[in-house]
**Q** 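Okay, here's the structure, questions in a sec.
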Amino acid sequence: MSIYDSLNEQQREAVFHTEGPVLILAGAGSGKTRVLTHRAAYLIEEEGVNPYHIMMITFTNKAAEEMRERIDDLVGYGSESIWVSTFHSACVRILRRHIDRIGFDTNFTIYDSDDQKSLMKDICKSLNIDTKMYKEKALLAAISKAKDELVSPQEFSLKAATAGNYGMKKQAEVYREYQERLRKNNALDFDDLIVKTIELFKTDAEVLNYYQERLRYIMVDEYQDTNTAQFELIRLLANKYKNLCVVGDDDQSIYKFRGANIYNILNFERYFPEAATIKLEENYRSTQNILDAANAVIANNKGRKSKALWTRKDAGSQIRFEQFETGYDEADFVAGEIKDVVMFGKYQYKDCAVLYRTNAQSRLFEERFITSNIPYKIVGGVNFYARKEIKDLLCYLKTIDNARDDLAVKRIINIPKRGIGATSIAKVQDYADMEDISFYTALKMAEDIPTLGRGAAKIKPFVTTIQRFRSAAEFLEVSKLLEMVIEETGYLQELEEEGTEEALARIENINELISKAVAYEEGMDEPSLSGFLEEVALVADIDSLDEESNHVVLMTLHSAKGLEFPKVFLTGMEDGLFPSYMSITSDDSVEEIEEERRLAYVGITRAKEELAVTCVRQRMVRGETQYNKVSRFVKEIPVELMQGGPQKMKYVERRETPVGKATTAYRSAMATGHKPSGQSMQSMAFATLGGPKKSDLDYEVGDMVAHVKFGNGVVKSIIDGGRDYEVTVEFESYGTKKMFAGFAKLRKL
């Protein structure tokens with residue numbers, strides 16, 4: 001029996017078509033790696049191609065190693081001569097031999113991200129760049145994006161001049177200096193590895209011809225994730241023999257933010273008119289119901305190659321859809337479902353995965369899993385309370401609450417940067433040890449530490465800031481204190497100015513921490529800073545979790561690509577969260593929403609046997625309750641595939657209340673910078689939703705009332721607002737507040 005007999009008809013066609021350009025559109029779970037490895041084996045065994053002439057490119061070293069091992073298993077010989085590598089490692093190999101032809105020494109240094117940051121810091125200093133206005137990370141990101149698109153410093157400068165954009169001109173100046181410094185240091189960054197290889201090929205025909213002769217059969221995996229520079233590199237290498245086979249799925253192109261160019265795969269036949277296109281549509285992973293749902297959703301994208309996944313498996317169970325009131329209810333449901341399937345032996349913990357759009361969403365699931373004793377791990381991310389921005393802000397709160405926590409104080413003494421060096425910190429610690437006092441107490445006495453000298457002047461503002469926070473903590477709620485810390489330290493502003501994807505994720509996490517603080521206040525009779533830190537410490541203590549391999553996996557949808565699980569929970573399926581408001585309100589909203597839809601497709605196709613889709617009516621974001629509609633992606637799933645059928649979906653539509661519609665309108669107005677003047681979200685809601693009648697109120701002017709958040713107070717006025725009554729209350733601890741009766745839920749004392 002031949003090793004190729006196990007392949008289906010389309011897979012065999014892809015394996016046997018070895019000459020000329022080939023585009024293999026490999027749908028999710030269709031066995032693309034199997035095709036690539038069998039294709040390499042076929043070239044060696046049946047076509048007699050010398051393995052030396054074969055190149056296989058993947059995106060990770062792990063994938064490259066796995067591919068080589070699988071070829072070894074198939075042919076037993078020759079695979080060691082195949083050039084299997086990532087884009088970057090292939091380029092390093094080429095440049096180490098030939099980079100001297102374009103003005104570098106072959107012993108060049110490769111700068112990692114820390115080296116790049118150090119270099120950029122020096123450049124900003126020498127060019128007098130205001131790093132408060134032009135963040136170092138943002139400048140590096142702009143340079144990386146330019147290199148991905150093969151835009152040289154000269155071309156970038158020309159674009160900036162043409163656009164008349166001052167910010168771009170500054171970036172161009174920095175880009176030019178950055179490249180000059182790299183050349184002077186005989187160094188390349190990771191983007192340069194590809195850019196300089198292209199430069200070498202374009203300027204030295206001899207070198208290009210050598211590698212075109214050497215690499216006559218080229219295969220590229222995950223082609224939908226390639227950027228412009230990677231495409232050009234492959235085009236140059238394959239230009240002589242045209243034996244280029246690319247494998248990918250345009251429906252799984254989800255890394256635009258990393259520079260992936262979906263048009264590389266969509267326009268492949270335009271670049272190679274003689275190309276054969278082969279579709280792998282038979283899925284070996286999921287049930288037909290899951291595939292039908294994925295097909296129905298992705299069919300709404302216009303920028304795609306037509307294909308539809310199918311399987312020989314049974315239809316399987318319907319997709320379960322649940323809508324809850326809050327994120328807490330959603331987390332309770334997921335935890336309960338997992339407990340049940342494990343208890344009854346249907347699945348193990350490791351068979352279950354919880355997927356979400358943003359890292360910040362993990363917090364509620366983590367807390368609920370800990371209290372339910374469900375072992376879990378975060379994939380492609382860090383546990384919520386272990387994330388840098390969360391630890392930084394919690395250390396501020398710990399310092400405010402208990403300045404004797406030396407570790408907390410030392411963590412934040414230079415966040416943001418205050419120029420307090422390690423030497424000064426060591427001197428303060430020596431003094432604290434000698435006087436047997438805490439590190440923070442020693443900081444307060446900095447002027448009395450003789451060895452500090454001028455360093456004491458830098459410490460004083462930090463102590464003053466902490467003392468001001470400590471004074472405020474006596475009368476501020478935890479959430480307001482946290483917002484004060486974020487505002488006055490400039491922590492959030494710094495991230496906003498950075499403007500990178502990483503910074504955006506950190507902002508979302510900070511907003512989630514504020515939501516945690518508000519939720520804590522609402523759930524406690526006597527909330528306090530100490531109590532909040534205690535509660536956080538209890539749920540953040542993840543060291544006690546079972547570290548065995550049997551655990552539930554929590555991850556973002558981006559991290560889930562390439563993985564599969566018997567039971568998947570696709571959570572937070574709400575317009576505004578997924579797809580995000582940024583994509584909905586973007587200038588390129590059509591393209592942005594199509595990218596988000598591809599992400600939904602990836603999420604759906606991770607499920608092998610069971611898929612649960614969940615959303616909530618109200619979700620707390622940055623401590624404020626937001627009302628979102630059910631995600632448009634959920635509504636694109638045919639109702640007959642959903643558990644409960646059409647009735648369930650009608651119920652969902654019926655629950656899209658005027659409050660939700662008003663909130664959507666309000667958020668849209670805010671996103672475009674047109675905040676409705678004098679109109680709060682509550683008043684917008686009441687424009688469509690009636691409040692209580694005056695006869696329903698059990699209090700009058702002059703009565704004592706109680707509010708769940710503000711405590712006791714006296715009603716000063718009740719004004720008829722049409723749809724609801726505006727009540728003014730003078731609270732004992734919070735002063736005068738105006739609120740709508742329908743929302744206030746005041747209780748007469």
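The first residue of the sequence shown is numbered 1, and numbering continues consecutively from there.
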**Q** Between Glu281 and Lys307 (salt bridge meaning N to carboxylate O under 4.0 Å), is one present in this structure?
**A**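 Judged by the 4.0 Å cut-off on N to carboxylate O distance, Glu281 and Lys307 do not form a salt bridge.
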**Q** So does Arg235 pair up with Glu232, basic N to acidic O under 4.0 Å?
**A**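 Looking at Arg235 and Glu232, the cut-off is met.
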**Q** Any donor and acceptor pair, going by atom type alone, linking the side chain of Thr556 with main-chain N or O of Asn359 inside 3.5 Å?
**A**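 No; judged by distance alone, with no hydrogens or angles, the pair does not exist.
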**Q** Is there a donor-acceptor pair closer than 3.5 Å between any side-chain N or O of Ser286 and the backbone N or O of Ala607?
**A**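 Such a contact is found between Ser286 side chain and Ala607 backbone.
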**Q** Can you tell me how far the CG atom of Asn295 sits from the CD1 atom of Ile637, to the nearest 0.5 Å?
**A**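 Separation between the atoms: 11.5 Å.
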**Q** State, yes or no, whether a side-chain contact exists between Thr106 and Arg97 at a heavy-atom distance under 4.5 Å.
**A**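 Thr106 does not reach Arg97 side chain to side chain.
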**Q** Given side chains that start at C-beta, do those of Phe87 and Ile234 come closer than 4.5 Å, heavy atoms only?
**A**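 Phe87 vs Ile234: side chains touch.
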**Q** So does Leu563 get a backbone contact from the side chain of Arg606, meaning a donor-acceptor N/O pair under 3.5 Å?
**A**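 Checking the backbone N and O of Leu563 against the side chain of Arg606, a donor-acceptor pair under 3.5 Å is found.
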**Q** Looking at Glu177 and Arg181, is there a salt bridge between them, counting it only when a charged N and a carboxylate O are closer than 4.0 Å?
**A**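 Looking at Glu177 together with Arg181, the answer is yes, because their closest N to O distance falls below 4.0 Å.
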**Q** Could you walk me through whether Asp251 and Arg304 satisfy the salt bridge (Lys or Arg N to Asp or Glu O under 4.0 Å) test, starting with their C-alpha distance in whole Å, then the side-chain angles of each, then the deciding distance to 0.1 Å, before giving a yes or no?
**A** CA-CA 7 Å; Asp251 290 336; Arg304 67 184 291 263; 2.8 Å; yes
**Q** Is Val247 close to Met219 at the side-chain level, that is, under 4.5 Å between some pair of heavy atoms?
**A**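 With C-beta onward as the side chain, the pair stays apart.
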**Q** So, are Asp225 and Arg258 salt-bridged, with charged N and O less than 4.0 Å apart?
**A**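 Salt bridge flag = no for Arg258 with Asp225.
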**Q** Can you tell me how far apart NE2 (His98) and CD (Glu206) are? Round to the nearest 0.5 Å.
**A**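 Those atoms lie 8.5 Å apart.
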**Q** Look up atom SG in Cys615 and atom CZ in Phe633, then write down how far apart they are to the nearest 0.5 Å.
**A**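 Output value for this atom pair is 13.5 Å.
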**Q** Give me each pair satisfying side-chain hydrogen bond (donor to acceptor under 3.5 Å, both in side chains) with a member in residues 166-175, each pair once, sequence neighbours excluded.
**A**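 Not a single pair qualifies under side-chain hydrogen bond (donor to acceptor under 3.5 Å, both in side chains).
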**Q** Is there a donor-acceptor contact under 3.5 Å from the side chain of Glu594 to the main chain of Lys302?
**A**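 Answer holds: yes.
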**Q** Should the pair Tyr4 and Tyr42 be assigned to parallel (<30°), tilted (30 to 60°) or perpendicular (>60°) ring geometry?
**A**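 It falls in the perpendicular class, over 60°.
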**Q** Tyr211 vs Phe201 aromatic rings, parallel, tilted or perpendicular, using cut-offs 30° and 60°?
**A**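 Because their plane-to-plane angle lies in the 30° to 60° range, the rings of Tyr211 and Phe201 count as tilted.
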**Q** Looking at CG of Asp249 and CG of Leu309, how far apart are the two atoms once the value is rounded to the nearest 0.5 Å?
**A**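 Reported value, rounded in 0.5 Å steps: 7.5 Å.
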**Q** Verify side chain to side chain donor-acceptor pair (under 3.5 Å) between Asp204 and Tyr210, making sure each step is shown before the conclusion.
**A** CA-CA 10 Å; Asp204 197 310; Tyr210 170 80; over 6 Å; no
**Q** Looking at Leu188, Leu200, Leu193, which hits side-chain contact (heavy atoms from CB on, under 4.5 Å) with Ile99?
**A**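 Of the listed options, the one satisfying the test is Leu188.
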**Q** Any side-chain heavy atom of Leu182 sitting closer than 4.5 Å to one from Leu119?
**A**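 Side-chain contact under 4.5 Å: yes.
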**Q** Taking atom types as modelled, is there a side-chain donor on Thr358 or Gln361 under 3.5 Å from an acceptor on the other?
**A**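 Yes, side-chain donor-acceptor contact under 3.5 Å.
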**Q** So, Asp250 side chain and Lys305 main chain: donor-acceptor pair closer than 3.5 Å or not?
**A**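 Yes, the answer is positive, given that a donor and an acceptor are paired below the 3.5 Å cut-off.
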**Q** Are any of the side-chain heavy atoms of Gln230 and Asn227 separated by less than 4.5 Å?
**A**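 Side chain of Gln230 against side chain of Asn227, heavy atoms only: contact under 4.5 Å found.
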**Q** Before accepting this row, confirm whether a basic side-chain N of the pair Lys196/Glu199 lies closer than 4.0 Å to the acidic partner's carboxylate O.
**A**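 Yes, this pair counts.
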**Q** Before accepting this row, confirm whether a basic side-chain N of the pair Lys240/Glu213 lies closer than 4.0 Å to the acidic partner's carboxylate O.
**A**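 Here Lys240 pairs with Glu213 in a salt bridge, since their nearest N and O are under 4.0 Å apart.
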**Q** Okay, side chain of Asn289, backbone of Ala315: is any donor-acceptor separation there less than 3.5 Å?
**A**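 Present.
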**Q** May I ask you to decide if Val297's main-chain N or O and Asn300's side chain share a donor-acceptor pair within less than 3.5 Å?
**A**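 Here the side-chain-to-backbone pair exists.
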**Q** Which one of Asp191, Asp189, Leu139 satisfies the side-chain contact (heavy atoms from CB on, under 4.5 Å) criterion with Ser144?
**A**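 Result: among Asp191, Asp189, Leu139, Asp191 is the only option passing the side-chain contact (heavy atoms from CB on, under 4.5 Å) with Ser144.
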**Q** Would you check, one step at a time, whether the test side chain to side chain donor-acceptor pair (under 3.5 Å) holds for Gln11 with Glu9?
**A** CA-CA 6 Å; Gln11 289 175 333; Glu9 184 181 342; over 6 Å; no
**Q** Does Arg506 come within less than 4.0 Å of Glu502, counting only side-chain N to carboxylate O?
**A**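 Here Arg506 pairs with Glu502 in a salt bridge, since their nearest N and O are under 4.0 Å apart.
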**Q** Among residues two or more places apart or on two chains, list those pairs meeting ring-ring contact (aromatic ring centres under 6.0 Å, His included) that have a residue in residues 225-248.
**A**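 Residue pairs with at least one partner in residues 225-248: Phe231-Tyr271.
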**Q** Kindly indicate whether the side chain of Leu557, heavy atoms from C-beta on, has any atom under 4.5 Å from the side chain of Val602.
**A**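 Not touching, per the 4.5 Å side-chain cut-off.
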**Q** If you measure from CE on Met56 to CZ on Arg39, what distance do you get to the nearest 0.5 Å?
**A**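 Between atom CE of Met56 and atom CZ of Arg39 there are 9.0 Å.
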**Q** Please test Asn185 against Tyr111 for side chain to side chain donor-acceptor pair (under 3.5 Å), starting from the C-alpha separation and ending with a verdict.
**A** CA-CA 10 Å; Asn185 296 346; Tyr111 275 12; 3.1 Å; yes
**Q** Within a strict 4.5 Å, meaning less than it, do heavy atoms of the Ile24 and Cys245 side chains meet?
**A**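 Ile24 reaches Cys245 side chain to side chain.
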**Q** Does any non-hydrogen side-chain atom of Met55 lie less than 4.5 Å from one of Leu237?
**A**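 Heavy-atom side-chain distance check passes, below 4.5 Å.
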**Q** Say whether, by atom type as modelled, one donor and one acceptor occur between the side chain of Arg176 and the main chain of Pro153 under 3.5 angstrom.
**A**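 No, because the side chain of Arg176 does not come within donor-acceptor range (under 3.5 Å) of the backbone of Pro153.
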**Q** Is the side chain of Asp5 donor-acceptor paired with the backbone N or O of Ser2 at a distance under 3.5 Å, no angle test?
**A**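 The answer is yes, because a donor-acceptor pair under 3.5 Å joins these two groups.
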**Q** So, are Glu564 and Arg285 salt-bridged, with charged N and O less than 4.0 Å apart?
**A**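 A salt bridge links Glu564 with Arg285.
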**Q** Cationic tip of Arg96 within the cone over Phe108's six-membered ring, i.e. under 6.0 Å and within 45° of the normal?
**A**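 Yes, Arg96 and Phe108 form such a contact.
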**Q** Quick check for you: to the nearest 0.5 Å, what is the distance between Thr571 atom OG1 and Arg357 atom CZ?
**A**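 These two atoms lie 12.0 Å from each other.
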**Q** Which of these, Tyr223, Phe268, Tyr217, sits in a side-chain contact (heavy atoms from CB on, under 4.5 Å) with Leu244?
**A**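 Output: one option passes, namely Phe268.
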**Q** Work out which heavy atom in Lys635 is nearest to a heavy atom in Val630; give both atom names and the distance.
**A**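 Scanning both residues, the minimum pair turns out to be CE-O, 3.7 Å.
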